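Reading through the structure tokens given below for one structure.
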Amino acid sequence: MMEDAANSNGTEDRENMFLTVAIEEAYKAVERGDGRPFGAVIVRNDEIVASCHNMVVRNTDPSAHAEIAAIREACRKLNRVQLADCEIYASCEPCPMCLGAIHFSKIKRLVYGAKAEAAVAIGFDNIIADALKDTGFYQKVNLEIKKAEGSVAIIAEQVFEKTKDKFVVP
């Protein structure tokens, strides 16, 4: 029983470490004027392959979400289009476009910090929350999806409130 608790704490510490990097990326997006407060990290064998933030404004590209940028970078670095041996950590619950890209890249596991409603609360389009609600989509994808809990989840949700005055939601 003690061993299970130790493994659980080790897994949680590991997840919190990678989610913290994704949250730092979310702040970078706003601080640099690159985009909205979203970050993502792709991990393979406990090593970060790609760490990216939202680049929509900088690239004038509505598809340049943090998760998409991270997938693109990881695919380039690993020289392949399937990332089945990778995990993705996102500062916020991914939108339908990003979830589709995660699915098509064959990433095996998604861990996210804030619920989409945290972004909606400060004016982001509620399509993220509404599109996945009661659709069973999460059950249909071959992907382990986990919502972070504890202090790292709270920190992830605070990103929106702390940065809302630094960008304009269209």
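Quick caveat, the model's predicted, so the values are computed rather than measured.
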Criterion side chain to side chain contact (heavy atoms under 4.5 Å, CB included) on Arg58 and Arg32, from CA distance to verdict: CA-CA 9 Å; Arg58 183 174 185 197; Arg32 295 179 181 177; over 6 Å; no
Where Val41 and Ser51 come nearest, the two heavy atoms and their spacing: CG2-OG, 3.9 Å
Stepwise side chain to side chain contact (heavy atoms under 4.5 Å, CB included) check, Glu47 with Arg44: CA-CA 5 Å; Glu47 289 188 28; Arg44 179 176 172 242; 5.9 Å; no
Sub-4.5 Å side-chain heavy-atom contact between Glu144 and Lys108: no
ILVMFWY network linking Leu99 to Val111, side-chain heavy atoms under 4.5 angstrom: no
Spacing of Leu110 atom CG and His103 atom NE2 [to the nearest 0.5 Å]: 13.5 Å
Glu25 and Ser91, any side-chain heavy atoms less than 4.5 Å apart: no
Side chain to side chain, Asp46 and Arg14, heavy atoms closer than 4.5 Å: yes
Cluster overlap Val159 with Val30, hydrophobic side-chain contacts below 4.5 Å: no
Results of side chain to side chain donor-acceptor pair (under 3.5 Å) for Asn16 - residues two or more places apart only: none
hydrophobic_cluster_shared for Tyr27 and Ile48, side chain cutoff 4.5 Å: yes
Beyond-backbone contact of Tyr112 with Ile145, side-chain heavy atoms, under 4.5 angstrom: yes
Flag side-chain contact, heavy atom, 4.5 Å: Ile71 against Ile107: yes
Considering all heavy atoms, the nearest Cys92-Ala116 contact: SG-CA, 4.1 Å
Glu149 CD: over 12 foreign heavy atoms closer than 6.0 Å: no
Shared hydrophobic cluster for Phe160 and Val152 (ILVMFWY, side-chain gaps under 4.5 Å): no
Exercise: identify the closest heavy-atom pair between Ala148 and Ala153: O-CB, 3.4 Å
Atom pair CG (Asn45) and CD (Glu87), whose distance is rounded to the nearest 0.5 Å: 9.5 Å
Common cluster, Met17/Ile23, ILVMFWY with side-chain heavy-atom separation under 4.5 Å: yes
Side-chain heavy-atom pair Ile68, Arg72 within 4.5 angstrom cut-off: yes
Residues that Glu73 engages under salt bridge (Lys or Arg N to Asp or Glu O under 4.0 Å), provided they are two or more places apart: Lys77
NE2-CD distance between His53 and Glu24, expressed to the nearest 0.5 angstrom: 13.0 Å
Shortest non-hydrogen contact from Ala114 toward Ala156: N-CB, 3.6 Å
Non-hydrogen atoms of Pro62 and Met97 that approach each other most closely: O-CE, 4.1 Å
Ile155 and Leu19, any side-chain heavy atoms less than 4.5 Å apart: no
Short N-O contact, Lys28 and Asp34, less than 4.0 angstrom: no
Passing candidate, side-chain contact (heavy atoms from CB on, under 4.5 Å) with Ser105, options Leu83, Ile42, Ile88: Leu83
Glu157 and Lys115: CA distance, side-chain angles, deciding distance, side chain to side chain contact (heavy atoms under 4.5 Å, CB included) verdict: CA-CA 7 Å; Glu157 300 217 357; Lys115 292 286 288 172; 4.1 Å; yes
Cys52 SG to Glu67 CD distance, which is reported to the nearest 0.5 Å: 10.0 Å
Short N-O contact, Lys146 and Glu12, less than 4.0 angstrom: no
Taking every non-hydrogen atom, the tightest pair across Tyr89 and Glu15: CE2-CA, 3.9 Å
Beyond-backbone contact of Phe38 with Cys98, side-chain heavy atoms, under 4.5 angstrom: no
Heavy-atom neighbours of Arg80 CZ exceed 12 at 6.0 Å: yes
